[in-house]
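A short write-up of the structure that comes next.
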Amino acid sequence: MAPPLAAPRFHAAALPLRLRLRTRPQKLPCWRRAARPNDEDYYLIDAPESIGDGFSFSGGKYTDGPSKSDEWFAQGRMVKAHPVYGNKGKAKDPIFGLTMGAESQSSNDVFRWFCVEAGSSSNPPVLFIHGFPSQAYSYRNVLPVVSDNYHAIAFDWLGFGFSDKPQPDYGFDYTLDEYTSSLESLINAVAPDKLSIVVQGYFAPIVVKYANEHQDKLNHLILVNPPITDKHAKLPSTLACFSNFLLGEIFSQDPLRASDKALTSSGPYMMKEEDAMVYRRPYLVSGSSGFALNAISRAMKKDLKVYIESMRNILSSDSWKTKTTVCWGLRDRWLNYDGVEDFCGSANYKILELPMAGHHVQEDRGEELGKLVKRILRGQNVPVQ
């Protein structure tokens, strides 16, 4: 029997004194303050080093004791899916050409995906797919709600959370086409029979492309705040900054900018510090998370418009037979609601509004979304808000 997996750990005690926690309060930008519960619980780290790659980060407070991140990791398992292409040796960072640490190296043959499951495997499977940039952790309040009737599965995309984060050009380049083919590999591994899919945010066009080629596998598709109009093809500045040359590499190595700001700027919610640390963790333990963020941001900037147009055409086509529902958090600060109702009306899709949710609906109103998903999958009438 294989030894139990352990989440990558980051040890504050190993840092030079100047890199440890400051105790002198300083005024933070509003998006940093939004990620903590109150002004008394101050946190800031100047520049803790990655344990493997030698890159500097700006992060938040943490302890060497049990954390939410450890608890979440213990609930899941690693699933091998999608072959690693080519063999170019040890991955090197794109700035200095230095060999990166173990956390930044690809698997030898097949990628490892972190998956969390809830409910009996004998129940109908429902796959929950997080958006960009996020993690399966965002569905932590959704899974318990649906697990009594369904086999709920959430996973981290390659490049996010606890899944593999290969350096671009070393097995995975983070193109939208690669994400589509890798999704097929993962679904074949975790849900080989028919399933329903819930997908949120910018990965929705990728999922629709997969679904169009495998309609026989799908019972229902639920799109949560998907980019669906022409205006949605332009990434918000919070994400677009990671696609900039060199400056993007600098921004992506800042956990507060890469995780906190990216989450709290897209909606109205305030994240608890313990939850924020789960999202920061990948950026604290390895530079590979930031470089993956750069790569996917550039891929989105290049191909998202084409994928959105393809998604609209697929969903409007007479050949599209999959039951489809759109859910929308009305406080989304990234994707404008204008034009969404018109498209859904013309394509004859029901759109269900969540007035108090932002872009990351599952993070903002997880229990509410879970109940909504159950009603949709059961075929029960859901009142349009």
Side-chain angles (χ1 to χ4, degrees), residues 2-9 66-82 103 107 110-165 179 182-193 195-201 203 207 222 224 259 263 271-272 274-283 285 289 292 360-374 377:
L5 293 167
R9 303 193 64 81
S67 67
K68 280 271 189 176
S69 187
D70 296 320
E71 294 171 2
W72 178 249
F73 186 82
Q75 294 181 41
R77 65 186 178 101
M78 303 304 291
V79 175
K80 287 191 172 184
H82 199 64
E103 290 296 324
S107 303
V110 181
F111 289 115
R112 298 164 299 179
W113 305 62
F114 178 69
C115 298
V116 174
E117 302 172 66
S120 173
S121 59
S122 62
N123 289 335
V126 182
L127 188 65
F128 291 89
I129 302 178
H130 70 78
F132 167 65
S134 187
Q135 298 179 30
Y137 184 72
S138 63
Y139 285 107
R140 65 193 178 279
N141 295 322
V142 177
L143 301 185
V145 177
V146 301
S147 62
D148 55 345
N149 299 107
Y150 298 94
H151 180 207
I153 308 166
F155 69 89
D156 290 331
W157 283 106
L158 294 178
F160 297 92
F162 288 113
S163 290
D164 277 348
K165 304 169 190 67
Y179 269 121
S182 66
L183 176 62
E184 178 179 359
S185 299
L186 179 69
I187 290 178
N188 289 340
V190 300
D193 300 320
L195 77 160
S196 296
I197 295 179
V198 179
V199 57
Q200 178 269 328
F203 280 113
V207 174
I222 300 176
V224 183
S259 60
L263 290 167
M271 219 185 323
K272 293 180 179 179
E274 59 186 9
D275 294 324
M277 275 307 302
V278 179
Y279 289 106
R280 295 179 204 139
R281 185 74 168 269
Y283 299 94
V285 301
S289 297
H360 296 279
V361 177
Q362 70 274 28
E363 179 69 48
D364 201 1
R365 309 288 290 187
E367 186 174 347
E368 181 181 352
L369 178 63
K371 292 177 179 178
L372 196 59
V373 167
K374 284 176 66 173
L377 296 181

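One is the number of the first residue; the rest follow in order along the sequence. Just so we're clear, the structure is a prediction, and the values are computed from it rather than from any experiment.
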Could you tell me whether a side-chain N or O of Tyr179 sits under 3.5 Å from a main-chain N or O of Leu158, the two making a donor and an acceptor?
-> yes

Check Cys115 against Leu186 and note the closest heavy-atom contact, atom names and distance.
-> SG-CD1, 4.2 Å

From the list Gln135, Lys68, Glu71, Glu363, side-chain contact (heavy atoms from CB on, under 4.5 Å) partner of Arg140 resolves to Glu363

Verify whether the ring centers belonging to Phe73 and Phe114 lie closer than 6.0 Å.
-> yes

Asn149 to Pro124 - nearest heavy-atom pair and separation = O-CD, 3.6 Å

Assess the side chains of Ser182 and His82: does a donor N or O sit below 3.5 Å from an acceptor N or O?
-> no

Partner of Tyr137 under ring pair (Phe, Tyr, Trp, His ring centres under 6.0 Å), chosen from Phe160, Tyr279, Phe162 = Tyr279

Above 12 or not: heavy atoms from other molecules or residues under 6.0 Å from NZ of Lys374?
-> yes

Centroid-to-centroid, Trp113 to Phe111, below 6.0 Å?
-> no

Take Asp275 and Arg280 through the salt bridge (Lys or Arg N to Asp or Glu O under 4.0 Å) test and state the conclusion after the steps.
-> CA-CA 9 Å; Asp275 294 324; Arg280 295 179 204 139; over 6 Å; no

With a 4.5 Å heavy-atom cut-off, do Ile222 and Leu377 have their side chains touching?
-> yes

Rounded distance (nearest 0.5 Å) linking atom CE of Met271 with atom CG of Leu263 = 4.5 Å

Could you go step by step and tell me if Val207 and Leu183 meet the side-chain contact (heavy atoms from CB on, under 4.5 Å) rule?
-> CA-CA 8 Å; Val207 174; Leu183 176 62; 4.0 Å; yes

Has Glu367 got more than 12 heavy atoms of other residues, nucleotides or ligands less than 6.0 Å from its CD?
-> no

Contact summary for Ser259 and Tyr283, nearest pair of heavy atoms | CB-CE1, 4.3 Å

Any side-chain heavy atom of Ile187 within less than 4.5 Å of one from Ile197?
-> yes

From the options Arg365, His130, Gln200, select the one residue that forms a side-chain contact (heavy atoms from CB on, under 4.5 Å) with His360.
-> Gln200

Close side-chain approach of Val199 and Val224, heavy atoms under 4.5 Å = no

Measure the spacing between OG of Ser134 and CD of Gln362 and express it to the nearest 0.5 Å.
-> 5.5 Å

So how far is it from Ser147 OG to Ile153 CD1, rounded to the nearest 0.5 Å?
-> 12.5 Å

Which atom pair, heavy atoms only, marks the closest approach of Leu143 to Ala152?
-> CD2-CB, 3.8 Å

N/O donor-acceptor pair under 3.5 Å between Asp70 side chain and Ser67 backbone | yes

Taking Ser196 for its side chain and Val126 for its backbone only, find out whether a donor-acceptor pair lies under 3.5 Å.
-> no

Any donor-acceptor pair under 3.5 Å linking the side chain of Ser163 with the backbone of Asp156?
-> yes

Where do Val79 and Arg77 come nearest, in terms of heavy atoms and distance?
-> CG2-NH1, 3.5 Å

Any donor-acceptor N/O pair, Tyr139 side chain to Ile129 backbone, under 3.5 Å | yes

Mind running side-chain contact (heavy atoms from CB on, under 4.5 Å) on Tyr150 and Val373 for me, showing each step along the way?
-> CA-CA 11 Å; Tyr150 298 94; Val373 167; over 6 Å; no

Any idea which heavy atoms bring Ser289 and Pro282 closest together, and the distance?
-> OG-O, 3.0 Å

